[in-house]
Participant: 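To start, I am sharing the structure in question, which I have written as structure tokens.
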Amino acid sequence: MHWLALLLIVPLWAGAASMELRRFDDPAKQERYEELIKELRCLVCQNQALSDSDADLAKDLRDEVYRIIQSGKTDQEAVDFLVSRYGDFVLYRPPFKPLTLFLWGGPLLLLLIGAAVLWRQWRGHRAAAAPVALSEADKQRLQQLRAQTDRIDEDQP
């Protein structure tokens, strides 16, 4: 029975060991720290926040954010520091500026291109489905074919 309890406790202990405990003198600083590390992106991991990443660089960045907040600087100063070092990629919500214009406008541009392609195909399909005007020669040929069909129908019992 002891081995079963040990099996249940070991994963809990391992999970607790991977969590970083940061102590702040002010609970507001603790809250700011936790919000900031959720808003900042791990530069090594695939789309993970600093708060979720176990990468060494993420740990270093969390240490840096911790030091900045402990030193009494604002959240914006912490963000500015990380952006100056690592660029806008460190932000989940990069600012709107010429370098990020395609990032913000790209989805709209793709939507417009898709709408234009659909409109063009619909227009082409509609033009193909429109009735075609027959020439006089075609009309005469059509009347001849109808007359032949009528004669064939009359001959059959």
Participant: Quick one: list whatever passes side chain to side chain donor-acceptor pair (under 3.5 Å) with Arg120, sequence neighbours left out.
Facilitator: none
Participant: Show which side-chain atoms of residues 122-138 pair as donor or acceptor with protein atoms under 3.5 Å away, not counting sequence neighbours.
Facilitator:
| unit_1 | atom_1 | unit_2 | atom_2 | d |
| --- | --- | --- | --- | --- |
| Ser135 | OG | Asp138 | N | 3.3 |
| Ser135 | OG | Asp138 | OD2 | 3.2 |

Participant: Using links of under 4.5 Å between side-chain heavy atoms of ILVMFWY residues, direct or through other members, which residues join Leu101 in one cluster?
Facilitator: Phe96, Trp104
Participant: Taking transitive links into account, so neighbours of neighbours count too, which hydrophobic residues share a cluster with Leu103 at under 4.5 Å side-chain distance?
Facilitator: none
Participant: Applying salt bridge (Lys or Arg N to Asp or Glu O under 4.0 Å) as the test, list every pair that has at least one member in residues 95-113; sequence neighbours left out.
Facilitator: Asp88-Lys97
Participant: Side chains of residues 31-40: which donor-acceptor partners sit under 3.5 Å, not counting sequence neighbours?
Facilitator:
| unit_1 | atom_1 | unit_2 | atom_2 | d |
| --- | --- | --- | --- | --- |
| Arg32 | NE | Asp75 | OD1 | 2.6 |
| Arg32 | NH2 | Lys73 | O | 2.7 |
| Arg32 | NH2 | Asp75 | OD1 | 2.9 |
| Tyr33 | OH | Arg22 | NE | 3.1 |
| Glu34 | OE2 | Gln30 | NE2 | 2.7 |
| Glu39 | OE1 | Arg93 | NH2 | 2.5 |
| Glu39 | OE2 | Arg93 | NH2 | 2.9 |

Participant: Excluding sequence neighbours, so at least two apart, what forms ring-ring contact (aromatic ring centres under 6.0 Å, His included) with Tyr92?
Facilitator: none
Participant: My understanding is that only residues two or more places apart in sequence, or in another chain, count here; which of them pass side chain to side chain donor-acceptor pair (under 3.5 Å) with Gln144?
Facilitator: none
Participant: Please give the remaining members of the hydrophobic cluster of Leu110, linking ILVMFWY side chains under 4.5 Å, ordered by chain and number.
Facilitator: none
Participant: What pairs with Ala58 under side-chain contact (heavy atoms from CB on, under 4.5 Å), at least two apart in sequence or on another chain?
Facilitator: Cys42, Leu50, Ser53, Ala55, Arg62
Participant: Only counting residues at least two apart or in another chain, list the ones meeting side chain to side chain donor-acceptor pair (under 3.5 Å) with Arg67.
Facilitator: Glu64
Participant: In the structure I gave you, are the side-chain heavy atoms of Tyr86 and Leu61 within less than 4.5 Å of one another anywhere?
Facilitator: yes
Participant: Test of understanding: with side chain to side chain donor-acceptor pair (under 3.5 Å), list the residues that count as partners of Asn47, not counting sequence neighbours.
Facilitator: Arg41
